[in-house]
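Heads up, the thing below is written out as structure tokens.
When a residue number appears, it is its place in the shown sequence, counting from 1. The figures here come from the full heavy-atom set of this structure, side chains too, leaving out hydrogens, waters and symmetry mates.
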Amino acid sequence: MASAGFFTCMLLALFIGIWPCHAQNVTLSVYYETLCPYCSDFIVNHLVKLFHSRLFSIVNLRLVPWGNAVLQSNGSFLCQHGPEECLLNTIEACTISVYPNEEQHLSFILCLERLASANELNEWINCFNTTGLATVPIDCYKSGYGNVLENQYAAETAQLDPPHKFVPWVLVDGQPLQEDFKNFVTYVCNAYKGEQVPEACHPLPLMNNSLKKASLLSADTPYSITWLLIYGIHFSFSFSLL
């Protein structure tokens with residue numbers, strides 16, 4: 001019969017081996033607005049990479065549909081691309097709230113932004129059917145709760161430090177990527193410290209020699225940490241056999 005200690009060790013192994021994989025995920029935050037052509041391009045042609053090569057497995061995605069909108073003194077919203085953008089910002093905010101699963105709400109937002117890029121926004125409601133989601137976000141919008149969500153996003157965007165200069169404004173673990181936002185995959189892969197490295201992170205972009213030396217000395221990437229651990233275990237095991 002297995003001892004209590006055995007089960008304790010197994011639980012500890014599971015805790016050490018599995019739980020940190022989720023805790024070490026990289027937070028990718030995107031501050032944007034629905035009808036900004038640069039935002040649509042980023043979402044449709046770049047952010048979509050999250051669906052490729054298991055990249056979603058190491059990312060906690062945060063989409064914040066507010067952008068350059070302004071909260072007026074009477075509580076109404078003034079959006080850069082007009083009232084329709086205010087409507088769609090709120091619809092996307094409601095979709096994120098109703099469907100917190102990141103792959104679900106990103107699928108809907110991808111559909112809507114593709115239509116925005118193709119000047120076919122009159123068909124945006126079909127994105128619910130296309131992605132297999134119910135139209136509950138429309139009820140969210142009609143109930144006024146969408147405005148509550150947008151007020152929260154307005155406050156969050158206003159508190160960015162440093163303030164956003166343009167949209168899309170992309171952050172990896174709180175650090176703005178500035179004009180290099182389209183290369184977010186590289187930043188995500190470099191920031192990830194877990195062991196379950198997805199295929200999208202192989203190989204990482206080549207570094208120059210000085211960066212390679214610094215990386216090896218500081219063990220700053222998952223690869224160097226892993227090899228240092230393997231070498232240390234091998235050395236300890238070999239020494240114990242002497």
Side-chain angles (χ1 to χ4, degrees), residues 13-32 34 36-65 92 95-96 99-118 127-128 130-133 167-208 211-212 214-216 218-230:
L14 286 171
F15 181 81
I16 293 173
I18 298 175
W19 180 80
C21 296
H22 301 286
Q24 293 172 346
N25 275 13
V26 178
T27 299
L28 175 64
S29 305
V30 181
Y31 295 80
Y32 71 104
T34 53
C36 162
Y38 303 104
C39 298
S40 296
D41 173 73
F42 174 69
I43 291 171
V44 171
N45 297 313
H46 300 279
L47 195 61
V48 69
K49 295 174 185 176
L50 288 177
F51 288 109
H52 304 161
S53 305
R54 296 183 59 251
L55 194 59
F56 243 129
S57 66
I58 66 167
V59 168
N60 296 325
L61 177 65
R62 296 196 65 256
L63 294 170
V64 183
E92 292 194 1
T95 303
I96 293 166
Y99 298 105
N101 179 282
E102 297 163 4
E103 295 186 49
Q104 283 187 313
H105 63 243
L106 179 57
S107 294
F108 175 84
I109 291 169
L110 273 169
C111 177
L112 194 153
E113 296 301 333
R114 284 193 185 103
L115 292 176
S117 297
C127 287
F128 289 110
T130 301
T131 56
L133 302 180
V167 288
W169 190 248
V170 181
L171 288 76
V172 170
D173 280 348
Q175 298 301 311
L177 305 189
Q178 305 284 351
E179 287 82 0
D180 202 28
F181 61 90
K182 291 183 180 179
N183 293 322
F184 75 93
V185 173
T186 298
Y187 291 90
V188 166
C189 291
N190 286 333
Y192 179 63
K193 304 303 180 186
E195 297 179 358
Q196 306 300 317
V197 181
E199 185 180 338
C201 294
H202 293 292
L204 286 173
L206 294 175
M207 297 182 292
N208 62 40
L211 286 176
K212 286 181 180 178
S215 177
L216 287 172
S218 64
D220 194 40
T221 68
Y223 307 104
S224 55
I225 291 172
T226 300
W227 281 110
L228 283 171
L229 287 173
I230 291 172

Exercise for the section: Could you tell me which non-hydrogen atom of P168 sits nearest to which non-hydrogen atom of C39, and how far apart they are? Expected result: N-SG, 3.6 Å
Handout entry: Separation between CD of E195 and OH of Y192, rounded to the nearest 0.5 Å
Key = 7.5 Å
Practice task
Would you confirm whether the ring centroid of F108 sits within less than 6.0 angstrom of the ring centroid of Y99?
Solution key: no
Problem - Reported CG-to-CD distance for the pair L106 and E113, which is rounded to 0.5 angstrom - result: 10.0 Å
Problem - Nearest-0.5 Å distance that lies between atom SG in C36 and atom CD1 in I43 - result: 9.0 Å
Practice task
Please report the C-alpha distance between L63 and L47 in whole Å, then the side-chain angles of each, then the deciding distance to 0.1 Å, and finally whether the side chain to side chain contact (heavy atoms under 4.5 Å, CB included) criterion is met.
Solution key: CA-CA 11 Å; L63 294 170; L47 195 61; 3.9 Å; yes
Exercise for the section: Take V30 and F184 through the side chain to side chain contact (heavy atoms under 4.5 Å, CB included) test and state the conclusion after the steps. Expected result: CA-CA 10 Å; V30 181; F184 75 93; over 6 Å; no
Exercise for the section: State, without any angle test, whether E92 and Y32 hold a side-chain donor-acceptor pair at a distance under 3.5 Å. Expected result: yes
Practice task
Taking the side chain as every heavy atom from C-beta outward, state whether F51 and L110 have any pair of such atoms under 4.5 Å apart.
Solution key: yes
Handout entry: Spatial distance of atom CG (D173) from atom CG (N190) [nearest 0.5 Å]
Key = 11.5 Å
Problem - Close side-chain approach of Q104 and L133, heavy atoms under 4.5 Å - result: yes
Exercise for the section: Working to the nearest 0.5 Å, report the span between CG of L115 and OG1 of T34. Expected result: 12.0 Å
Problem - Chi angles and distances behind the side chain to side chain contact (heavy atoms under 4.5 Å, CB included) call for I58, C201 - result: CA-CA 10 Å; I58 66 167; C201 294; 4.1 Å; yes
Exercise for the section: Could you check if a side-chain atom of I109 sits within less than 4.5 angstrom of a side-chain atom of T95, using non-hydrogen atoms only? Expected result: no
Handout entry: Donor-acceptor contact present, side-chain N183 to main-chain T186, <3.5 Å
Key = no
Handout entry: Student check: side-chain heavy atoms of V172 and S29 closer than 4.5 Å
Key = no
Completion exercise
In short, S117 meets S40 closest at the heavy-atom pair OG-CB, 3.4 Å
Practice task
Could you walk me through whether V197 and H202 pass the side chain to side chain contact (heavy atoms under 4.5 Å, CB included) test, one step at a time?
Solution key: CA-CA 8 Å; V197 181; H202 293 292; 3.5 Å; yes
Practice task
Could you tell me whether the side chain of Q24 and the main chain of G194 form a donor-acceptor pair under 3.5 Å?
Solution key: yes
Practice task
Check L28, N25, V185 against V59 for a side chain to side chain contact (heavy atoms under 4.5 Å, CB included) and give me the one that passes.
Solution key: L28
Problem - Nearest-0.5 Å distance that lies between atom CZ in R62 and atom CD in E102 - result: 10.0 Å
Problem - Electrostatic pair D41-K182, nearest N-O below 4.0 angstrom - result: yes
Problem - Validation row, ring centre Y187 to ring centre F181 under 6.0 Å - result: no
Exercise for the section: State whether the number of non-hydrogen atoms from other residues, nucleotides or ligands found under 6.0 Å of Y38 atom OH is greater than 12. Expected result: no
Problem - P65 side chain reached by I96 side chain, heavy atoms, under 4.5 Å - result: yes
